[in-house]
Amino acid sequence: MVYPNAIIPKADIRIVHFSTRAGVREVPTPPAYQDYLKKRSFNQALVRAEIKGISFFNLVDYLNEYNAKVVKGTITSEERRKLGKIKVFITKYPIGQTVPRSKGGELKKDIIALYEEFSQKYVPKGGIENPNSKITFVIFTDYLVQNTDPATSITYTTLGSAATRERGMFESLACLVADCPIIWGNAVVLFNQGNTDLSTFAHEIGHSLSLPHTFETPPNSNHTFYQGYTDNLMDYSYVPVPKGERGESNKFAKYMWSLFKWQWEILRKDSSISYK
């Protein structure tokens, strides 16, 4: 397949800083990540990934603002409703506390939902997961998602996670008679430690643009490689080992940004890619 270089599909990215530190607007991000997107990731598939906006959400600042209005008696019913959502969120994920990895998936979903609630100005009509949306949201947060194995003292950290889209009723029925692949969503969340790593940044965006791991099996992927042995963007930086042990590093760990030709096709057909 030869692609016409006069038609360059676009992946529009919106960056979100989801901070839990009072008065701190920005969360740490990878160095030169905009340049990395343009020159060392999806451009090899002739896809132009560009940052199309940056927005900020500070959990504690909203909490303090609304609580002050409660004291003054000036809070509106809508603000009181939003304050209730913040309190539920903070009760579930206390500020400054490490979140267990078993709750990482829930945290991701709740962060996306809370951002949607407070940032309707930036969210497409129909929500972030609107199938017609052409925007991929990358949310950097300072929440740490981590566990330490008490038997071995080895620490395991979840660096980031991409959202998946729930299937409709007819899609779900079809999957009862045949295995169905994951449907990736339009948002990724990068947690503390993952929010400054370029490889994690591009890897999770890759999932959002429908790319599976290189080591996945059908129906998620028609091509399966051993984990931790390639320089591919969608591989892992380590070789799998039994639980409780440390695996050896992928020898390409510092240079994992290649894409295979079959991944180009998947990437360019993702529903959020724009050809306008």
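Only this structure's heavy atoms are used, side chains among them; waters, hydrogens and symmetry mates stay out. Everything numeric here is computed off the predicted structure, so don't read it as measured data. In this chain, numbering begins with 1 at the start of the sequence shown.
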Say whether [X] and [Y] are linked into one hydrophobic cluster, either directly or through other cluster members, by side-chain heavy-atom distances under 4.5 angstrom.
| X | Y | answer |
| --- | --- | --- |
| Phe89 | Phe191 | yes |
| Tyr33 | Phe42 | yes |
| Val188 | Tyr143 | no |

For [X], is the [atom1] atom crowded, meaning more than 12 foreign heavy atoms sit under 6.0 Å from it?
| X | atom1 | result |
| --- | --- | --- |
| Lys261 | NZ | yes |
| Lys109 | NZ | no |
| Arg25 | CZ | no |

How about [X] and [Y]: does a side-chain donor come under 3.5 Å of a side-chain acceptor?
| X | Y | result |
| --- | --- | --- |
| Asn232 | Gln263 | yes |
| Asp197 | Thr200 | yes |
| Thr224 | Thr217 | no |
| Asp110 | Tyr93 | yes |

Any idea which heavy atoms bring [X] and [Y] closest together, and the distance?
| X | Y | result |
| --- | --- | --- |
| Ala11 | Ile273 | CB-CD1, 3.8 Å |
| Asp235 | Gly228 | OD1-N, 2.9 Å |
| Glu129 | Arg165 | O-CD, 4.1 Å |
| Ile54 | Arg14 | N-NH1, 3.6 Å |
| Gly185 | Ser208 | O-OG, 2.9 Å |

Distance, nearest 0.5 Å, that separates [atom1] of [X] from [atom2] of [Y]:
| X | Y | atom1 | atom2 | answer |
| --- | --- | --- | --- | --- |
| Tyr156 | Gln146 | OH | CD | 12.0 Å |
| Phe140 | Ile15 | CZ | CD1 | 4.5 Å |
| Leu59 | Asn64 | CG | CG | 9.5 Å |

Determine whether the aromatic ring centres of [X] and [Y] lie less than 6.0 Å apart.
| X | Y | result |
| --- | --- | --- |
| Phe260 | His223 | no |
| Tyr62 | Phe118 | yes |
| Tyr236 | Phe215 | yes |

Inset, instruction - Check whether any side-chain heavy atom of Val239 lies under 4.5 Å from a side-chain heavy atom of Tyr226, and answer yes or no. - result: no
Side-chain ion pair, [X] and [Y], N-O less than 4.0 Å:
| X | Y | result |
| --- | --- | --- |
| Glu50 | Lys52 | yes |
| Lys82 | Glu117 | no |
| Glu26 | Arg21 | no |

Legend entry - Residues in ring pair (Phe, Tyr, Trp, His ring centres under 6.0 Å) contact with Tyr229, at least two apart in sequence or another chain: none
Legend entry - Which residues share a ring pair (Phe, Tyr, Trp, His ring centres under 6.0 Å) with Trp184, sequence neighbours left out: His207
